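Reading through the structure tokens given below for one structure.
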Amino acid sequence: MKPYILLTPGPLTTSQTIKEKMLVDWCTWDDDYNVDIVQDIRKRLVALATKHTDDYTTVLLQGSGTYSVEAAITCSMSEKSKLLILVNGLYGERMEDIASYAGLDYDVLEYEQTEVPSASELDEYLQKHEDITHVALVHCETTSGILNPLEDLCKVIKKHGKILIVDAMSSFGGIPFDIGELDIDFMTSSANKCIEGVPGFGLIIAKRSQMELCEGNSLSLSLDIYDQWQTMEKQNGKWRYTSPTHVVRAFKQALDELETEGGVAARYARYCANHKVLMEGMKNLGYKALIAENLQSPIISSFEFPTENFSFKDFYNQLKKGGFVIYPGKISKKETFRIGTIGQVFPDDIKRLIETIAEYHY
Ligand SMILES: *Cc1c(COP(=O)(O)O)cnc(C)c1O
């Protein structure tokens, strides 16, 4: 099989050294595996998320990112809670599904997939609806690539004293922000996005004081993050149930490589450089970006089909032959495709991608 670069945010292209860490069948409690590895990862994750490290803690949870979002929402809410969800894409909609499945009390403020939630509308809404206790939002909406105004939204939510849950799945580790400065209560992400590990677990970084309040709230045994957190805290990083050992080893390597690269700021600069090459190249070739430039993240970008009879399948296959795998679009009102710019991908790779796209005649 010819290897290709994944321009799909999750799973994404990982380094050779990260892949090599998975060539051993590790035993969780043997010294060779390094029993302290989980505690080391947890400590480093909190330090990546905030400089207020004493106020925050983290819990890792088997499964994909959605499991962590579901766990954070369901375990932080009790029968007396009511959740407001800000929606401008499918990941916001997924939070609605989570709340609906769990039978939680919730409401939704919905926006077009090409626009960001309005801080002033949110302010007005919270003014009128005092029964809301929790607000959940997505930072980078991977559906379109739009970057929601995290700081403005957090300020309003905190002004009203609500518990704040942020799905930062596709931004944590790739876009700088401090969850302590933003006063975020629960933030979720996963191993296989901007930290550039392989899929297998998600993570929740939360205020220690809020994590304490999750006791007894879980509607599910395996998603009980309070219980998982207590086990990790009290038993030196032990997971309840089989832990994804290969993924954990690879993730530690990914954290080391993030540090070597220069941390989140350096990674952000690389993603921005990738994104710039992509945008300029696509524009020159006549492709139109879906999202306004000032709202666009450097993580993933949506492009409109250039003509009515454009075949995504042909396009996809040609790019794949050239060594690149891209993503279909997910926008409800327009035909689009998406190109991710995260993972072990560099501006020169994106230049080669643009050359490959230039050879495609639509
Ligand atoms: C990737 C992602 C998720 C999690 O998706 P999974 O398929 O469960 O890994 C959640 N929210 C956002 C914004 C994402 O980009």
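Treat the numbers as computed from the prediction; the structure is a model and nothing was measured. Whatever order the structure lists ligands and atoms in, that order sets their numbers, starting from 1.
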Residues with a heavy atom under 4.0 Å from ligand 1, by chain and number, are Ser64, Gly65, Thr66, Tyr91, Arg94, Val138, Cys140, Thr142, Asp167, Met169, Ser170, Lys193
Is there any salt bridge (Lys or Arg N to Asp or Glu O under 4.0 Å) pair reaching into residues 213-231, and which pairs are they, with sequence neighbours excluded? Asp227-Arg240
Under 3.5 Å, side chain of Thr58 to main-chain N/O of Ile204, donor-acceptor pair present? yes
Distance in Å, Leu182 CG paired with Lys158 NZ, rounded so as to fall on 0.5 Å steps: 10.5 Å
Restricting to pairs with a member in residues 238-268, which pass ring-ring contact (aromatic ring centres under 6.0 Å, His included), not counting sequence neighbours? Phe201-Trp239, Phe201-Phe251
Under the 6.0 Å and 45° cation-pi test, does Arg208 pair with Tyr56? no
Give me each pair satisfying salt bridge (Lys or Arg N to Asp or Glu O under 4.0 Å) with a member in residues 273-290, each pair once, sequence neighbours excluded. Lys276-Glu280, Lys288-Glu304
